[in-house]
2 protein chains.
Amino acid sequence: MNKESIKQIPHKTIERLSQYRRALLLVSAKGKTHIFSHEIAEIQHITAVQVRRDLMLIGYSGDLRKGYKIQALVELIGQIIDSPSGQKVAVFGLGNLGMALTHYLSGRRENLYIVAAFDVDEHKIGQSFEGVPCYGMEKVKEIVARENITIGIITVPAEEAKATKNLAIEAGVKGILNYTPVPMEVPEGVFLEEYDMITSLEKVAFYVKELGSSDLENTKRTASK
Amino acid sequence: MNKESIKQIPHKTIERLSQYRRALLLVSAKGKTHIFSHEIAEIQHITAVQVRRDLMLIGYSGDLRKGYKIQALVELIGQIIDSPSGQKVAVFGLGNLGMALTHYLSGRRENLYIVAAFDVDEHKIGQSFEGVPCYGMEKVKEIVARENITIGIITVPAEEAKATKNLAIEAGVKGILNYTPVPMEVPEGVFLEEYDMITSLEKVAFYVKELGSSDLENTKRTASK
DNA sequence: AGTATCTTGTTATTCTTTTAACAATGCAAA
DNA sequence: TTTGCATTGTTAAAAGAATAACAAGATACT
């Protein structure tokens, strides 16, 4: 896996690699050492050929008779998607969603550390939540620089979204995960990923309506992301 | 817009329509009555041609000189993606994330009503959160049927994910929004949308790493969904 | 009237992603 | 040995989505 080939791994494959790894760790914990593509596929509810194709893209070869060696595959995925020394993450906005994410993600993945949260609420500033210290917004530059935070999760109210994103990027954040409903733009060299819960909910509502109004429809849709 | 043509609206267009509508409502509130495709594009950080293409797909025609009539467009989008009498939503699992979603989505969209939450925690059962009553899991069938709940948001712990999804579908839910990291499968006639926060975070981490390791990269990536 | 400019609507093209097809391999059993 | 079977790895095709290209219309200006 040289740099060139990694570059051309499709986004969707990167996403699935993250998911394969977690699935593999689960089955590995049950004592299994090898796994077939169709077994992975079954767990993920996708097709075996897609699994094989993804693994082909990262250059992993399985055993024709035993399938894939779980441990080796987990390690290879780690080599591809993890940073050697990990990355640090900050949550911007400790409202309900920010708090939930902090709780949910804290300690979930080794190699990704939530090390700070920022909010405007005087009651939260100075406290720690899930072991994550909360600072005021005026501390962003200082903390991001000091801790070398590379990823920012934005969960502030819509009105503050743009300014917060700019602040984070100015402070040195290189990746933004935007959970506000406000579409963003980032400069060169910064990666942006957006997810809008309202859109997702409305999408589900739309297809529920559509499915209900026609029985001929191809019904099962496992859209993800 | 007959049924046939709606059917073939791409998923991504449906998602964008939801976003266009909210953007339009915002600018409409500022007194604007007409808008050009490139203005919508600018707000959404996409291209004007994509906006026009989306609007073409839903059969909306703008004025060649004034652009699109905001109110009429909002109404048309509503006709396409909303159900005439709205739909009811239940949250399964009132942990941090479920609570955040309940808070975040409650009353956010007319036409989509969060009318119930389900949890196993005795302290939560019987209480209301954001005006949403919380019931025990044994009440799912009764409440879903009585309230005619069509959409279920799953935010239970991973171990309970599959069983909860099955319970919801048995009770009559037709759309599932899965926020657990457990990939799901649904029977014919049920729509499934999945979002995995860990995957998103790992994806951002991966591309931050990649961007950092090469300056030649096409840097700006506004992947959404 | 004629020309320039800006916009929409639509077709064509390119790019991305998924799915299908199938050769090659290794083992087991006849 | 040979046949059959289940698997991987890869190429080819199809489907889905974004981008480009451009004709046509409307207005303003000369």
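Just so it is clear: chains get the letters A, B, ... in the order the sequence lines come, proteins before strands, and each one is counted from 1.
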_Face-on cation placement of Arg22(A) at Tyr20(A) ring, 6.0 Å and 45° thresholds_ =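 No, Arg22(A) and Tyr20(A) do not form such a contact.
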
Rounded to whole angstroms, how far apart are [atom1] on [X] and [atom2] on [N]?
X	N	atom1	atom2	value
Met56(A)	dT19(C)	CE	P	15 Å
His34(B)	dT7(C)	NE2	P	15 Å
Gln50(B)	dG9(C)	CD	P	16 Å
Tyr60(B)	dT10(C)	OH	C1'	18 Å
Lys12(B)	dA15(D)	NZ	P	19 Å
Ile40(A)	dT7(D)	CD1	P	13 Å
Leu55(B)	dT8(C)	CG	C1'	10 Å
Glu39(B)	dC6(C)	CD	P	15 Å

Of the nucleotides [options], which has the atom closest to the [X] side chain?
X	options	answer
Arg52(B)	dT8(C), dT7(C), dG9(D)	dT8(C)
His38(B)	dT8(D), dT7(C), dG9(C)	dT7(C)
Phe36(A)	dA18(D), dT8(D), dT18(C)	dT8(D)
Tyr68(B)	dA18(D), dG9(C), dT8(D)	dG9(C)

*Report yes if a side-chain nitrogen or oxygen of His11(A) is closer than 4.0 Å to either non-bridging phosphate oxygen (OP1 or OP2) of dT16(C); otherwise report no.*
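No.
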
*Starting from the 5' end of DNA chain C, give me the residue, Asp63(A) or Arg65(B), whose nearest nucleotide shows up first.*
Arg65(B)

_Between Leu64(B) and Val49(B), which residue's closest nucleotide on DNA chain C lies nearer the 5′ terminus?_
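Between the two, 5'-proximity favours Leu64(B).
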
_Closer than 4.0 angstrom, basic N to acidic O: yes or no for Asp196(B) and Lys203(B)?_
no

*State whether Glu185(B) and Lys162(B) are salt-bridged, where the test is any N-O pair (Lys NZ or Arg NE/NH1/NH2 against Asp/Glu carboxylate O) under 4.0 Å.*
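Between Lys162(B) and Glu185(B) there is no salt bridge, as every charged N stays at least 4.0 Å from the carboxylate O atoms.
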
*Donor-acceptor pair under 3.5 Å, Arg53(A) side chain vs dT19(C) base*: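 Check passes, donor-acceptor contact within cut-off.
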
*Just by distance, do the side chain of Asn178(B) and the backbone of Val182(B) share a donor-acceptor pair under 3.5 Å?*
yes

*Could you give the distance from CD (Glu202(A)) to CD1 (Ile151(B)), rounded to the nearest 0.5 Å?*
9.5 Å

*With a 4.0 Å cut-off on heavy atoms, is Ser61(B) in touch with a base, just the backbone sugar-phosphate, or nothing at all?*
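The residue Ser61(B) makes sugar-phosphate contact but no base contact.
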
*Base, sugar-phosphate, or nothing: which does Thr13(B) touch, judged by heavy atoms less than 4.0 Å apart?*
nothing

